[in-house]
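Beneath this line is the structure, given in structure tokens, with notes to follow.
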Amino acid sequence: LGKSIYEIINKELHSKIQKRLETLKEGKPVSELEEIFSRVDGKEITVMVSGIPHYIDGKLGVQEFFRDITQQKQAQQQIMEANERFNLITMATNDILWDWDIEKNEIWWNESYKDIFGYSESDIEKGIESLTNRIHPDEKNNVVNGIYKAIESGHEFWFEEFHFRKKDGSYAYVFDR
């Protein structure tokens, strides 16, 4: 590039880079560091930089490794934004939302589950039992069979109407899908 490292690294990082170079000159490795670099076209990119001391013929040098992680950082940002939107949606709805990881038999409920049905976190089993154990006994077999039949058939959707036992022992009418 024909430029000093200080010309392509964000000015705010100059003192940190100087300290890293001093550490490397002492023959000590440095941890990875995310840095913002300016490309030749002026666009900023995020780069993961690592460095190790390197000896050639008894002379100390430095090996620096640079990896462009701009796309990875953008993907992480998009995931964080999507999670934030999802969290806002789950708080804004009066519906009870749940997601069942079938392989791990772990079920996630949004806060409405506790609010509407009156259960505390310690009352809620981690698996599908947190649903099936509270279905009215007269309806339980039909509902559970329907769930597993939908899974075995490869259906993307399942729905059922049933009565669900609340913490106080009363039953709430549920249309689940």
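Since the model is a prediction, treat every value here as computed from it, not as a measurement.
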For Asn142, what residues pass the side-chain contact (heavy atoms from CB on, under 4.5 Å) criterion, not counting sequence neighbours?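 For Asn142, the residues satisfying side-chain contact (heavy atoms from CB on, under 4.5 Å) (neighbours in sequence not counted) are Glu160.
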
Can you tell me if Phe159 has over 12 outside heavy atoms packed within less than 6.0 Å of its CZ?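 Result for CZ/Phe159: open.
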
Within a reach of under 6.0 Å around CD of Glu26, are more than 12 heavy atoms found that belong to other residues, nucleotides or ligands? yes

Name each donor-acceptor pair under 3.5 Å that joins a side chain in residues 57-67 to protein atoms two or more places apart or in another chain, with its distance.
none

In one Ile/Leu/Val/Met/Phe/Trp/Tyr side-chain cluster, 4.5 Å: [X], [Y]:
{"X": "Val143", "Y": "Ile128", "result": "yes"}
{"X": "Leu21", "Y": "Leu33", "result": "yes"}
{"X": "Ile102", "Y": "Val144", "result": "yes"}
{"X": "Tyr171", "Y": "Trp98", "result": "no"}
{"X": "Ile52", "Y": "Ile17", "result": "no"}

Is [Y] close to [X] at the side-chain level, that is, under 4.5 Å between some pair of heavy atoms?
{"X": "Phe117", "Y": "Ile96", "answer": "yes"}
{"X": "Phe162", "Y": "Arg134", "answer": "no"}
{"X": "Arg177", "Y": "Phe157", "answer": "no"}
{"X": "Asp68", "Y": "Phe37", "answer": "no"}
{"X": "Leu131", "Y": "Asp176", "answer": "yes"}
{"X": "Ile107", "Y": "Ile124", "answer": "no"}

Main-chain N/O of Gly127 paired with Asn105 side-chain donor or acceptor, under 3.5 Å: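 Not confirmed, Asn105 side chain does not pair with Gly127 backbone.
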
Ignoring hydrogens, what is the shortest heavy-atom contact between Lys166 and Ala172? Give both atom names and the distance. CD-CB, 3.9 Å

At their closest point, which heavy atom of Phe164 faces which heavy atom of Ser130, and how far apart are they? CZ-O, 3.7 Å

For Lys140 and Asn133, what are the C-alpha separation, side-chain angles and deciding distance, and is it a side chain to side chain contact (heavy atoms under 4.5 Å, CB included)? CA-CA 8 Å; Lys140 183 174 180 175; Asn133 285 351; 3.9 Å; yes

Excluding sequence neighbours, so at least two apart, what forms side-chain hydrogen bond (donor to acceptor under 3.5 Å, both in side chains) with [X]?
{"X": "Ser122", "value": "Ser120"}
{"X": "Glu139", "value": "His163"}
{"X": "Tyr113", "value": "none"}
{"X": "Glu156", "value": "none"}

Does anything in [range] form a side chain to side chain donor-acceptor pair (under 3.5 Å)? List the pairs, not counting sequence neighbours.
{"range": "residues 33-48", "answer": "Glu34-Lys73, Arg39-Asp41"}
{"range": "residues 78-96", "answer": "Gln77-Glu81"}
{"range": "residues 14-25", "answer": "Tyr6-Gln18, Gln18-Glu22"}

Mind running side chain to side chain contact (heavy atoms under 4.5 Å, CB included) on Val30 and Val49 for me, showing each step along the way? CA-CA 10 Å; Val30 294; Val49 180; over 6 Å; no

Tell me the ring-ring contact (aromatic ring centres under 6.0 Å, His included) pairs involving residues 68-94, sequence neighbours left out? Phe86-Trp108

May I have all residue pairs that pass salt bridge (Lys or Arg N to Asp or Glu O under 4.0 Å) and include part of residues 96-112, sequence neighbours excluded? Glu111-Lys114

Side-chain donor-acceptor pairs of residues 145-155 under 3.5 Å, sequence neighbours excluded:
| residue | atom | partner | partner atom | Å |
| --- | --- | --- | --- | --- |
| Asn145 | ND2 | Asn141 | O | 3.1 |
| Ser153 | OG | Lys149 | O | 2.8 |

